[in-house]
Amino acid sequence: MSHTPALSAPAERILVLDFGSQTAQLIARRVREQNVFSQLVRHDLPIERIRELAPKGLILSGGPASVYEPGAPAPDPRIFELGIPILGICYGMQATCKALGTEVSPGTHREFGRTECRVTSPSPLFRGVTQQTTVWMSHGDQVKNPTANWTILASTDDCPAAAVQHKTAPIYGLQFHPEVTHTVLGGKLLGNFVRDICGCQGTWRMSSFIQQQIELVRERVGHRRVICGLSGGVDSSVVAALLSRAIGDRLSCIFVDNGLLRTGEQDEVRHRFGEHFRTDLHMVDASDRFLGELAGVTDPQQKRKIIGKVFIDVFRAEAKSIPDAHFLAQGTLYPDVIESGANKDGPAATIKHHHNVGGLPKELGFELIEPLRDLFKDEVRALGLELGLPDDMIWRHPFPGPGLAVRCLGEVRQDRLEVLRKADAIVLDELRKAGLYRQVQQAFAVLLPVQSVGVMGDFRTYEETVAVRAVTTEDFMTADWAHLPHSVLQAISTRITNSVRGINRVVYDISSKPPSTIEWE
């Protein structure tokens, strides 16, 4: 089974070599904010592959290792002979300096968190940056006594070489992290590197992405038919709209009702895609089968695997009824690929199993098309707007592929799902009534297998707990819990405990990502 190739030769591309940093994805995202396409790749990507991708510049990310340890990750040393601009960040700076003959060793003091940094030498990298600026440090090692080939650009009290520039090659290093928002002028620094130093014009736009993907799909599909696994969420809806524009009536959509949906989702999908967009829509009710397979299962990874397997079986059976079906389209996004460790050019540890990434059996019989595979969530929304999808669909909060199964902690039963659906609908309704739905990027209820004592009227109760989760985020790589007004939280809690039978306690999740994930399972 083959995948859709990445974007065909963007005019401008920056490669981010991933050394295992938790913020490597943010580097790629910040570069894209400069309207330049970026791609996260493995740290030891061979020079032949780099030449094939023809980047305008390279960025080496941070990482948890120490460059002087045996077996420490290192880039292909020939990258420093390419003649293209290179920016090393934290570990990436240390790996760069070590490769070019400079000592790296443990620092006298470790630096973590916000630090005041002084710019000491002029450089195109620091153009427009104030002489004193706040940066985010996270390191124990540092570059010692840069050789005569380097100019020190900036320092902190504990790090004399906080930023360096090679004297004869377009190679730069930052000991701090410009990609995080805590570095006040980090975006300016990355913009200087991408635009001024790499010479990128910032020509990457959604309109050009749409045209590129339309051409790719048409060339690959020819006169054959594409099936789209439609969930009604933003990602699959945008995929369907993009493919509809590319191949018209050669697109068929299959919607599988797994019994794990929110209230009214089946009717909404039927109206939007069957009636409004007039898509060839196949709706399959397999709720009994899914719930039967999930009976007694409590492990979250096992839930995901079961749902993925049953989905494939149901989907394949329905697809057999569609003549000339050759391709399967999915709404896989870049963070899905990264979190699942499925990026062939990037060494990412598996955080959670996405049933639409790497979980499709080879014998499925379809070639895979993933036109959104290189995009982050906010870019998918921009694409949807460019394609003319309605605002309420585009700004709908994400919903996990396994549905309510991963928000119904413990055993997944029909009665518990009904409780969860009612509580979840109240959460979203109260956010909309307060005008806060668009101000948070994801909000939902979680049903916990935790019972506690309560009092309703004159009676003692012993019922389950609902946790409310609401987060704010720019890219879903990191997220903070939403500081909802107490009046809204009170309204949510009162409505749930008064109207949802089986719940006598509501709690609010105040965890950020990291260390938590957005979903509970």
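Side-chain atoms are counted along with the backbone in the values below, which use heavy atoms only and exclude waters and symmetry mates.
Residues forming a ring pair (Phe, Tyr, Trp, His ring centres under 6.0 Å) with Phe444 (at least two apart in sequence, or on another chain): none. Applying the ring pair (Phe, Tyr, Trp, His ring centres under 6.0 Å) test to His182 and every residue at least two apart in sequence or in another chain returns Trp136. Remark: Pro515 engages no residue in a side-chain contact (heavy atoms from CB on, under 4.5 Å) (not counting sequence neighbours).
For the pair Leu375 and Arg32, the minimum side-chain heavy-atom distance is below 4.5 Å. In this structure, Trp395 and Val234 have side chains that are not in contact, with every pair of non-hydrogen atoms separated by 4.5 Å or more. Between Pro402 and Leu260, the closest side-chain pair of non-hydrogen atoms is not below 4.5 Å. Side-chain contact between Leu417 and Leu291 is present, with at least one heavy-atom pair separated by less than 4.5 Å. At least one side-chain heavy atom of Glu293 sits under 4.5 Å from a side-chain heavy atom of Val310. Thr23 places none of its side-chain heavy atoms less than 4.5 Å from the side chain of Ser61. Phe176 is not listed as a side-chain neighbour of Arg114, based on a closest heavy-atom distance of 4.5 Å or more. Here the side chains of Arg29 and Asp378 are in contact, with some heavy-atom distance below 4.5 Å.
The two residues Ser237 and Leu389 come nearest to each other via the heavy atoms O-CD1, 4.0 Å. Between Tyr508 and Val468, the shortest heavy-atom distance links the atoms CD1-O, 3.2 Å. The shortest heavy-atom contact between Ala241 and Leu387 is CB-CD1, 4.1 Å. Taking every heavy atom of both residues into account, Leu230 and Ser236 meet most closely at CD1-OG, 3.7 Å. Across all non-hydrogen atoms, the minimal contact from Val239 to Gly331 is CG2-CA, 3.6 Å. Heavy atoms only, all atoms of each residue included: Pro398 and Gln442 are closest at O-NE2, 3.3 Å.
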Does the side chain to side chain contact (heavy atoms under 4.5 Å, CB included) test come out yes or no for Leu261 and Phe255, once each step is laid out?
CA-CA 12 Å; Leu261 305 174; Phe255 175 82; 3.5 Å; yes

For side chain to side chain contact (heavy atoms under 4.5 Å, CB included), just list the numbers for Val256 and Phe290, CA-CA rounded to whole Å, side-chain angles, deciding distance to a tenth of an Å, and then say yes or no.
CA-CA 10 Å; Val256 176; Phe290 278 90; 3.8 Å; yes

Please assess Leu328 against Ile369 for the test side chain to side chain contact (heavy atoms under 4.5 Å, CB included), listing each intermediate value before the final yes or no.
CA-CA 6 Å; Leu328 172 64; Ile369 292 179; over 6 Å; no

Apply side chain to side chain contact (heavy atoms under 4.5 Å, CB included) to the pair Phe315 and His282, showing each step before the final yes or no.
CA-CA 10 Å; Phe315 192 95; His282 300 245; over 6 Å; no

Please evaluate residues Arg505 and Thr465 with respect to the criterion side-chain hydrogen bond (donor to acceptor under 3.5 Å, both in side chains), reporting the C-alpha separation (whole Å), side-chain torsions for both, the decisive distance (0.1 Å), and the verdict.
CA-CA 5 Å; Arg505 192 175 298 272; Thr465 302; 4.9 Å; no

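Judged by distance alone, the side chain of Ser244 and the main-chain N or O of Ala240 form no donor-acceptor pair under 3.5 Å. Not one N or O on the side chain of Gln34 forms a donor-acceptor pair closer than 3.5 Å with the backbone of Val31. No donor-acceptor pair closer than 3.5 Å links the side chain of Ser252 to the backbone N or O of Ile227. The closest donor-acceptor contact from the side chain of Asp509 to the backbone of Ala470 lies at 3.5 Å or more, if one exists at all. Side chain of Tyr437 to main chain of Ala443: no donor-acceptor pair is present (N/O by atom type, distance under 3.5 Å, no hydrogens or angles). Side-chain atoms of Thr494 never come within 3.5 Å of backbone atoms of Ala491 as a donor-acceptor pair (strictly under, hydrogens ignored). A donor-acceptor contact shorter than 3.5 Å links the side chain of Arg381 to the backbone of Arg396. Between the side chain of Arg30 and the main chain of Glu179, a donor-acceptor pair closer than 3.5 Å is present.
A salt bridge links Glu464 with Arg416: the closest approach of a Lys/Arg side-chain nitrogen to an acidic carboxylate oxygen falls below 4.0 angstrom. Between Asp480 and Lys513, none of the side-chain N atoms (NZ, or NE/NH1/NH2) sits under 4.0 Å from a carboxylate O, so this pair counts as no salt bridge. Looking at Arg407 and Glu521, no side-chain N of the basic residue comes within less than 4.0 Å of a carboxylate O on the acidic one, giving no salt bridge. Comment: Lys309 engages Asp313 in a salt bridge, judged by a side-chain N to carboxylate O separation of less than 4.0 angstrom. A salt bridge links Arg220 with Glu367: the distance from a Lys NZ or Arg NE/NH1/NH2 to an Asp or Glu carboxylate oxygen falls below 4.0 Å. Residues Arg421 and Glu418 are paired through a salt bridge, judged by an N-O separation under 4.0 Å between the basic side chain and the carboxylate.
Atom NE2 of His486 is surrounded by 12 or fewer heavy atoms from other residues, nucleotides or ligands within 6.0 Å. The local environment of CD in Gln490 is sparse, with at most 12 non-hydrogen atoms from other residues, nucleotides or ligands closer than 6.0 Å. Counting non-hydrogen atoms of other residues, nucleotides and ligands closer than 6.0 Å to CD of Gln414 gives a total above 12. In Arg413, the CZ atom is crowded: over 12 heavy atoms of neighbouring residues, nucleotides or ligands sit closer than 6.0 Å.
A cation-pi arrangement is absent between Arg225 and Phe327 under the rule of less than 6.0 angstrom and at most 45 degrees off the ring axis.
The aromatic rings of Phe209 and Trp204 sit perpendicular, their planes meeting at an angle over 60°, well past the 30° parallel limit.
Each of Val180, Ile89, Ile14 was evaluated against Ile27; a single residue qualifies, Ile89, per the side chain to side chain contact (heavy atoms under 4.5 Å, CB included) test.
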